[in-house]
A.B. asks: 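Here it is, the structure, as structure tokens.
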Amino acid sequence: MDLKEHIINLPRKVYIGNNILEEINTYFTQLNLGSPYLFVTGPFVGELVTKRVLESIPQNKEYEIITVKDATLDYVYATEEAAKKIGAKVIVGIGGGKSIDVAKYAAYKVNSEFVSIPTAPSHDGITSPFASIKGLGKAVSVKAKEPVAIVSDIGVISSAPRRLINAGIGDTVGKIVAVKDWKLASKLRGEYYGDYTASLALMSAKHALMCTKIIEKDVEAGVRILMEALITSGVAMGMAGSTRPASGSEHLFAHAIEIMKPDVALHGELVGIGTIMMAYLHGLRWKRIKKSLMSVGFPVRARDLGIPDEMVLKALTIAHSIRPERYTILGDRGLTWRSAEKIAQDTGVID
Ligand SMILES: NC(=O)C1=CN([C@@H]2O[C@H](COP(=O)(O)OP(=O)(O)OC[C@H]3O[C@@H](n4cnc5c(N)ncnc54)[C@H](OP(=O)(O)O)[C@@H]3O)[C@@H](O)[C@H]2O)C=CC1
Ligand SMILES: O=C(CO)COP(=O)(O)O
Ligand SMILES: [Zn+2]
């Protein structure tokens, strides 16, 4: 057996609990994370949450803040510059997936530590060592820095708008399809299949489905389960050294829409719709997935997200070409327009 060197970098600490953001200085001390710090945040989260975090940083610690509006290469450059200017030892991403990805990729470029502080349970990039950055010429994620720590304040995260919570459920149920695609590639193409990381990803998806049953009665309990699922999925990617366990044909559909109409919907919303259609293609229990998503008010029709039917069909027919090296149920040649129409109509994604 040819066992090539495979290095797995995992977070050293995951702090999870209610109202723990104020403890950040204690955590940094425990982890020996000295200043200067660079905080990367979004305009909205900056006012809502980041201010609170900064108030707990003692005066003898040097820090700077940069506000990013999008996960673009320009914002990554600006973050790198800001980090170099103060000689940042730690880059801290506070916010949704975009702020975290910019922080994570900039930390990778300047070789600083990276700390992930999610404010919404909307994506599984919280722990993953990958980042989705616009401007790199790729619709898919690239290698970035793994977080040394994650600070997951359930009080803050469960107060995020319901739409962001549902997006996290969508991103996570997608693993049901991603793992099936991986298995298929292993059977048809002899691709290495990591049973352990696949099981982790699948467990995340099961927990996301469990979350849909709990969240209506108890938001905090539901969000806690979802956060654990998102963190686990990120760990699966870190262990696999690739996003393979967490991203298959359902993500290819999401990426195809994002290319045609950037920011039309949240990442996890597109993945959720992609999951329904790709689960149908795989012969999985897609109706059960759809029902669970609908039970929490997840938008399961393209038009609910302002996506025209034609765009859904176009996305389905081009999805296979986005990452040709990663084999999925879409095969090498993708779907015809007619088969795309049937899948989207049968699943009720389009009328
Ligand atoms: N690296 C990886 O492995 C992965 C990366 N991703 C990437 O993550 C991104 C998607 O992340 P997502 O979080 O959906 O989108 P955003 O980061 O764009 O966040 C969506 C909005 O939610 C706001 N927000 C965040 N937290 C709160 C809160 N507590 N209360 C109110 N508003 C809040 C943000 O504010 P503000 O404007 O202040 O930021 C933003 O306006 C995509 O770019 C996707 O490609 C997704 C999955 C995996
Ligand atoms: O979104 C992701 C996992 O949820 C990352 O997937 P990609 O590698 O397809 O960008
Ligand atoms: Zn995703």
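As the structure lists them, so they are numbered: ligands from 1, and atoms in each ligand from 1.
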A.B. asks: Please test Thr328 against Arg323 for side chain to side chain donor-acceptor pair (under 3.5 Å), starting from the C-alpha separation and ending with a verdict.
C.D. replies: CA-CA 10 Å; Thr328 71; Arg323 189 186 243 151; over 6 Å; no
A.B. asks: Is the distance between the Zn ion (ligand 3) and the nearest N/O/S atom of His251 smaller than 2.8 Å?
C.D. replies: yes
A.B. asks: May I ask you to say whether Lys51 pairs ionically with Glu55, meaning some side-chain N is under 4.0 Å from a carboxylate O?
C.D. replies: no
A.B. asks: Specify which N/O/S atom of Asp171 comes nearest to the Zn ion (ligand 3), by atom name.
C.D. replies: OD1
A.B. asks: Could you tell me whether the side chains of Lys104 and Ser128 share a donor-acceptor contact shorter than 3.5 Å?
C.D. replies: yes
A.B. asks: Salt bridge or not between Lys134 and Asp101? Use side-chain N to carboxylate O under 4.0 Å.
C.D. replies: no
A.B. asks: Are Met278 and Asp181 side-chain neighbours, meaning at least one heavy-atom pair lies under 4.5 Å?
C.D. replies: no
A.B. asks: In order of chain and number, which residues sit within 4.0 Å of ligand 1 by heavy atom?
C.D. replies: Gly42, Pro43, Phe44, Val45, Leu48, Gly96, Gly97, Lys98, Asp101, Lys104, Thr119, Ala120, Ser122, His123, Asp124, Gly125, Ser128, Phe130, Ala131, Ser132, Ala160, Pro161, Leu164, Asp171, Leu266, His267
A.B. asks: Salt bridge or not for Arg52 and Glu22, using N-O below 4.0 Å?
C.D. replies: yes
A.B. asks: Determine, for Arg162 against Glu216, whether the closest basic-nitrogen to carboxylate-oxygen distance falls under 4.0 angstrom.
C.D. replies: yes
A.B. asks: Sub-3.5 Å donor-acceptor pair from the side chain of Thr41 to the main-chain atoms of Ile94, do we have one?
C.D. replies: yes
A.B. asks: Restricting to N/O/S, name the atom of His267 that gets closest to the Zn ion (ligand 3).
C.D. replies: NE2
A.B. asks: Heavy atoms under 4.0 Å from ligand 2: which residues qualify?
C.D. replies: Asp124, Val140, Ser141, Asp171, Lys175, Met237, Thr243, Ala246, Ser247, His251, His255, His267, Arg323
A.B. asks: Where the side chain of Thr212 meets the backbone of Leu209, is there a donor-acceptor pair that is under 3.5 Å apart?
C.D. replies: yes
A.B. asks: Contact between Tyr15 and Leu31 at the side-chain level, heavy atoms closer than 4.5 Å - yes or no?
C.D. replies: yes
A.B. asks: Looking only at side-chain N and O atoms, does Arg244 offer a donor or acceptor that is under 3.5 Å from a partner on Thr197?
C.D. replies: no
